[in-house]
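The structure appears right after this line, and notes come after that.
Since the structure is predicted, the reported quantities are computational estimates derived from the model, not experimental observations. Residue numbers start at 1 and run along the sequence shown.
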Amino acid sequence: MTTHPRFSHTTRAHSFNTAAAQYAANRPSYPPALFTTIEDLAARPLKGAKVVDVGAGTGISTTLLHARGADVIAVEPGEGMAAEFRRAHPDIPLVRGTGDTLPLATASADFLTYAQSWHWTNPAHSLPEAFRVLRPGGALALWWNTSALDVPWIAAQAQRIDQYFEDAHPTEEGTATKAEEGAATKTEEGTATKTPKDTESSRRAVGFLTERAFKGAPETPPHTQRVVRWSRHVPVDTHLANIGSHSAFLIQGKEDTDAFLAEERTRLLETFPDGRVEEVYDVLVIVATRS
């Protein structure tokens with residue numbers, strides 16, 4: 001089935017450029033335990049390492065890597081996202097480029113990191129490019145915040161989001177119906193599974209995401225993975241703005257999105273009358289080391 005241009009992969013990728021400030025203000029960060037896990041899996045410290053953060057967006061992960069003592073440079077293709085990055089982090093270098101054709105010298109980095117961004121690349125190109133830029137023994141680290149679907153209210157919201165896109169686009173198979181960036185049932189990778197009913201189902205979903213990470217690559221590199229759980233407490237309106245910053249909603253149109261989020265706000269306030277929610281995340285992290 002042909003994908004409508006409005007819902008294409010490219011359209012979704014570019015949608016963030018018009019919402020960079022919303023993205024920066026409302027998207028979740030990452031816990032310190034994630035970076036300790038990356039160091040453990042890579043068997044080398046981030047402190048003092050030359051790190052390239054690809055698809056850096058507004059700098060959420062870049063600044064955390066910098067705080068760990070890494071010598072970090074950001075790579076970002078989007079004009080709007082890059083502008084927001086430079087406004088907020090003028091002291092961190094940024095170059096425009098993509099993971100498929102990195103504007104970097106061969107064997108110049110100790111780590112290549114992709115926070116919530118690897119899925120926007122084509123592994124047939126981005127994996128060879130990563131290993132070209134990495135020094136021997138360097139590590140490619142990929143990670144995604146994924147919603148913890150064993151938490152009842154999060155699972156219920158995920159089902160509502162799925163239903164919303166199925167109702168909105170019942171014939172757009174592989175596009176908005178799949179809600180590549182649905183905030184609850186899918187990671188940024190757009191590899192949806194049925195909502196897990198329990199922890200074992202969540203583990204199977206993580207395994208499925210890992211398999212998809214290197215789909216299309218010349219070969220699947222040796223890699224290790226872990227899941228790091230964390231949470232944050234935020235106002236309902238921040239949570240809703242986070243959902244609205246995902247590309248499936250950004251391309252949906254303001255009127256439809258606002259209507260869905262208004263209804264969702266009413267539902268959430270019934271569950272959280274104090275107006276604050278606990279977003280629970282499982283960060284899937286994958287690390288592959290260059291030989």
State, without any angle test, whether Ser245 and Asn26 hold a side-chain donor-acceptor pair at a distance under 3.5 Å.
no
Please check if the side chain of Glu76 supplies one atom and the backbone of Gly57 the other of a donor-acceptor pair under 3.5 Å.
yes
Hey, are the side chains of Ser29 and Leu64 touching, using non-hydrogen atoms and a 4.5 Å cut-off?
yes
Keeping Gln116 on the side-chain end and Asn145 on the backbone end, is there a donor-acceptor pair under 3.5 Å?
yes
Indicate every side-chain donor-acceptor pair of residues 284-291 with a distance under 3.5 Å to a residue at least two apart or in another chain.
residue: Arg290; atom: NH1; partner: Leu134; partner atom: O; Å: 2.3

Closest non-hydrogen atoms of Arg135 and Ala107, given as atom of the first, atom of the second and distance, are CG-O, 3.3 Å
Quiz question: by atom type and distance under 3.5 Å, do the side chains of His239 and Gln157 form a donor-acceptor pair?
yes
Donor-acceptor pair between Ser231 and Glu278 side chains, under 3.5 angstrom
yes
Give me the ring orientation class for Phe249 and Phe165: parallel if the planes are under 30° apart, tilted from 30 to 60°, perpendicular past 60°.
perpendicular
Tightest non-hydrogen contact, residues Ala82 and Arg96, listed as CB-CD, 3.7 Å
Which distance, rounded to the nearest 0.5 Å, do you find between the NE2 of His66 and the OG1 of Thr63?
9.0 Å
For Pro123 versus Ala213, what's the shortest heavy-atom pair and its separation?
CG-O, 3.7 Å
Are any side-chain N or O atoms of His223 and backbone N or O atoms of Pro221, one a donor and one an acceptor, separated by less than 3.5 Å?
yes
So which heavy atom on Ile154 is nearest to which on Ser147, and how close?
CG2-CB, 3.8 Å
Between Asp110 (side chain) and Val51 (backbone), is there a donor-acceptor pair under 3.5 Å?
no
Taking only Lys NZ, Arg NE, NH1 and NH2, and the carboxylate oxygens of Asp or Glu, determine whether Arg44 and Glu39 approach each other closer than 4.0 Å.
no
With a 4.5 Å limit on heavy-atom distance, are the side chains of Leu261 and Ile243 in contact?
yes
Answer yes or no: is there a side-chain heavy-atom contact under 4.5 Å between Thr257 and Glu255?
no
Is the closest side-chain heavy-atom distance between His246 and Arg27 below 4.5 Å?
yes
Side-chain contact, heavy-atom cut-off 4.5 Å: Asn242 with Tyr23?
no
Please evaluate residues Trp144 and Tyr281 with respect to the criterion ring-ring contact (aromatic ring centres under 6.0 Å, His included), reporting the C-alpha separation (whole Å), side-chain torsions for both, the decisive distance (0.1 Å), and the verdict.
CA-CA 9 Å; Trp144 293 267; Tyr281 294 98; over 10 Å; no
I would like to know whether Val95 and Ile73 meet side chain to side chain contact (heavy atoms under 4.5 Å, CB included); could you show each step before the answer?
CA-CA 8 Å; Val95 296; Ile73 182 172; 4.2 Å; yes
Please test Leu140 against Phe111 for side chain to side chain contact (heavy atoms under 4.5 Å, CB included), starting from the C-alpha separation and ending with a verdict.
CA-CA 6 Å; Leu140 170 65; Phe111 284 89; over 6 Å; no
Counting N and O atoms only, with roles assigned by atom type, does the side chain of Asp100 sit under 3.5 Å from a partner on the main chain of Asn122, one being a donor and the other an acceptor?
yes
Flag the pair Phe214 / Leu142 as yes when at least one side-chain heavy-atom distance between them is below 4.5 Å, and no otherwise.
yes
Going by the angle between their ring planes, with limits at 30° and 60°, are Tyr164 and Phe260 parallel, tilted or perpendicular?
tilted
Using 0.5 Å steps for rounding, measure from the CG atom of Leu240 to the CG atom of Leu268.
5.5 Å
Test Tyr114 against Trp143 for side chain to side chain contact (heavy atoms under 4.5 Å, CB included), laying out the working first.
CA-CA 6 Å; Tyr114 282 82; Trp143 67 88; over 6 Å; no
Could you grab the distance from atom CD of Glu129 to atom CG of Leu104, nearest 0.5 Å is fine?
8.5 Å
I'd like to know if Asp150 pairs up with Arg229 as an ion pair, taking the criterion as any Lys NZ or Arg NE/NH1/NH2 lying under 4.0 Å from an Asp or Glu carboxylate oxygen.
yes
Test log, rule side chain to side chain contact (heavy atoms under 4.5 Å, CB included), inputs Lys47 and Arg68:
CA-CA 6 Å; Lys47 185 175 182 179; Arg68 296 283 293 207; over 6 Å; no
Between Arg267 and Glu270, does any NZ, NE, NH1 or NH2 come within less than 4.0 Å of an OD or OE carboxylate oxygen?
no
How far apart are the C-alpha atoms of Trp230 and Asp282, what are their side-chain angles, what is the distance that settles it, and do they pass the side chain to side chain donor-acceptor pair (under 3.5 Å) test?
CA-CA 7 Å; Trp230 73 289; Asp282 288 327; over 6 Å; no
How many angstroms lie between CD in Glu166 and CD in Gln163, if you round to the nearest 0.5 Å?
5.0 Å
Can you check whether Ala241's main-chain N or O pairs, donor with acceptor, with Gln22's side chain at less than 3.5 Å?
yes
Measuring from atom OG of Ser126 to atom CH2 of Trp118, what distance do you get when rounded to the nearest 0.5 angstrom?
3.0 Å
Taking it one step at a time, do Arg226 and Thr37 satisfy side chain to side chain donor-acceptor pair (under 3.5 Å)?
CA-CA 8 Å; Arg226 286 189 193 167; Thr37 297; 4.6 Å; no
Inter-residue atom distance Leu149.CG - Gln159.CD, 0.5 Å rounding:
9.0 Å
Below 4.5 Å, heavy atoms only, C-beta onward: do Val75 and Asp53 meet side chain to side chain?
no
Nearest atoms (heavy-atom pairs only) where Ala56 meets Thr62
CB-OG1, 3.4 Å
Flag the pair Thr113 / Val54 as yes when at least one side-chain heavy-atom distance between them is below 4.5 Å, and no otherwise.
no
Determine whether a donor-acceptor pair (N or O, by modelled atom type, separation under 3.5 Å) exists between the side chain of Arg132 and the backbone of Leu102.
yes
Minimum heavy-atom separation for Ala141 to Ile38, with atom names?
CB-CG2, 4.1 Å
